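Please read these numbers as outputs of a predicted model, since none were measured by experiment.
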Amino acid sequence: LDNQEKEVSLNDYKGKAFLIVNTATKCGLTPQYEGLEKLYQTFKGKGFEILDFPSNQFMNQAPGTDEEIHTFCELNYQTTFKRFHKVNVNGSKATPLFKFLKEKQPKDYKEEGKKGFFAKLFPSTAIKWNFTKFLVNKDGDIVYRFGPGFKPEDIKPFIEKVI
């Protein structure tokens, strides 16, 4: 469901590359919205979309209704990309989309062999925190998973490869 509670199918994005992101409005990483919007403005005319899935699973950092989250993002970061209904990304109540994403890309890019804070805290395929990003190519293949600290501007060369 989108943030207006309308049914949306990933088939609507067939033939496009897109970035799926779990987000939060009260997180230290919330300023990544600015970088995400810059990516969207740079590539939206080339068959690229950003799909924003707010999640309140990490220390309740996405409080409020879908409408409140949408208004916050528009007013504070001037976001124009597609926002969806708040979801769970981990656990038994995780949305099927995020279960699928984690199955297809279980590790963050360049995570192998790293023993950083998030890797120690979440050693499994779990989404480690807000602003984990999955890049999907135009064929619908999940080609990269980027951890929370991977800045949107650093994803630009990866997007250029898939559009």
Side-chain angles (χ1 to χ4, degrees), residues 1-3 5-25 27-30 32-33 35-36 39-40 43-44 46-62 66 69 73 79 81-163:
L1 297 177
D2 69 9
N3 65 330
E5 296 198 23
K6 293 178 184 161
E7 192 75 31
V8 178
S9 169
L10 286 181
N11 284 332
D12 296 347
Y13 299 96
K14 195 171 190 169
K16 293 185 177 189
F18 51 95
L19 193 67
I20 297 173
V21 188
N22 71 297
T23 61
T25 54
C27 173
L29 299 173
T30 300
Q32 285 193 21
Y33 271 121
L36 291 170
L39 284 177
Y40 183 60
F43 295 111
K44 71 179 183 176
K46 298 177 182 175
F48 176 75
E49 297 288 337
I50 292 180
L51 312 182
D52 175 1
F53 289 86
S55 178
N56 201 33
Q57 274 196 291
F58 302 101
M59 295 181 64
N60 299 311
Q61 293 182 342
D66 289 338
I69 290 169
C73 293
T79 59
F81 47 81
K82 184 75 171 170
R83 188 159 294 105
F84 290 81
H85 184 65
K86 201 183 308 186
V87 299
N88 284 333
V89 297
N90 289 327
S92 62
K93 294 182 181 177
T95 185
L97 173 63
F98 277 87
K99 287 179 182 177
F100 178 77
L101 292 169
K102 293 183 294 185
E103 177 185 307
K104 295 296 179 185
Q105 278 295 339
K107 299 284 182 194
D108 294 341
Y109 178 72
K110 291 194 172 185
E111 183 182 68
E112 293 301 323
K114 285 199 172 183
K115 299 295 180 217
F117 172 75
F118 288 118
K120 287 179 184 174
L121 191 59
F122 297 98
S124 70
T125 64
I127 302 293
K128 293 166 183 58
W129 203 255
N130 305 307
F131 291 90
T132 296
K133 305 151 203 79
F134 292 87
L135 183 60
V136 180
N137 69 18
K138 290 183 176 187
D139 295 324
D141 301 319
I142 304 154
V143 291
Y144 292 104
R145 172 177 168 168
F146 302 102
F150 207 94
K151 296 176 184 167
E153 54 269 27
D154 295 336
I155 298 173
K156 189 176 179 180
F158 298 92
I159 295 169
E160 289 170 339
K161 289 181 194 177
V162 300
I163 56 171

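- Between atom NZ of residue K133 and atom CD1 of residue I127 there is a gap of 10.5 Å, rounded to the nearest 0.5 Å.
- Using a 4.5 Å heavy-atom threshold, the side chains of Q105 and L101 count as separate.
- Contact check for F134 versus L19: no side-chain heavy atoms found under the 4.5 Å cut-off.
- Closest approach of G147 to D108, counting heavy atoms only: CA-OD2, 3.3 Å.
- Put simply, the side chain of L36 does not reach to within 4.5 Å of the side chain of T79, judged on heavy atoms.
- Taking every heavy atom of both residues into account, T23 and V21 meet most closely at CG2-CG1, 3.6 Å.
- To the nearest 0.5 Å, atoms NZ (K14) and CG (D139) are separated by 10.5 Å.
- Minimum interatomic distance between I69 and K86 (heavy atoms only, all atoms of both residues): CD1-CE, 3.7 Å.
- Closest of all the heavy-atom pairs between S55 and A24 is O-CB, 4.2 Å.
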| Are N22 and F131 close enough, and set up right, to give a side-chain contact (heavy atoms from CB on, under 4.5 Å), and what steps lead you there? | CA-CA 5 Å; N22 71 297; F131 291 90; 5.7 Å; no

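- Smallest separation of non-hydrogen atoms from A17 and K138: N-CG, 3.6 Å.
- Annotation: side chain of V136 is not in contact with side chain of Y144 (no heavy-atom distance under 4.5 Å).
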| said: Please evaluate residues R145 and K102 with respect to the criterion side-chain contact (heavy atoms from CB on, under 4.5 Å), reporting the C-alpha separation (whole Å), side-chain torsions for both, the decisive distance (0.1 Å), and the verdict. | reply: CA-CA 9 Å; R145 172 177 168 168; K102 293 183 294 185; 4.0 Å; yes

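- Side-chain atoms of F146 and T132, non-hydrogen and from C-beta on, never get closer than 4.5 Å to each other.
- The closest side-chain donor-acceptor pair between Q61 and N130 falls under 3.5 angstrom.
- For the residue pair D52 and Y33, a side-chain donor N or O sits within less than 3.5 Å of a side-chain acceptor on the partner.
- The line from CG of N90 to CH2 of W129 is 11.0 Å long, rounded to the nearest 0.5 Å.
- Between F84 and D66, the closest heavy-atom pair is O-OD1, 4.4 Å.
- For the atom pair NZ (K99) and OG1 (T125), the distance works out to 11.5 Å, reported to the nearest 0.5 Å.
- Taking the six-membered ring for Trp and the full ring otherwise, F53 and F98 have centroids separated by under 6.0 Å.
- When side chains are defined from C-beta on, V89 does not count as touching T95, because their heavy atoms never get closer than 4.5 Å.
- Rounded to the nearest 0.5 angstrom, L135 CG and I50 CD1 are separated by 10.0 Å.
- In this structure, F58 CZ and C27 SG are separated by 9.5 Å, a value rounded to the nearest 0.5 Å.
- At least one side-chain heavy atom of L51 sits under 4.5 Å from a side-chain heavy atom of L10.
- Residues K161 and N137 bring no donor and acceptor atom of their side chains to less than 3.5 Å of each other.
- Looking only at distances, no side-chain donor or acceptor of Q57 sits under 3.5 Å from a matching main-chain atom of V87.
- No more than 12 heavy atoms of other residues, nucleotides or ligands sit less than 6.0 Å from atom NZ of K151.
- Here Y109 and F158 bring their ring centres to under 6.0 angstrom of each other.
- Note: F43 and F48 have perpendicular aromatic rings, judged against thresholds of 30 and 60 degrees for the angle between ring planes.
- For the pair T25 and P54, the minimum side-chain heavy-atom distance is 4.5 Å or more.
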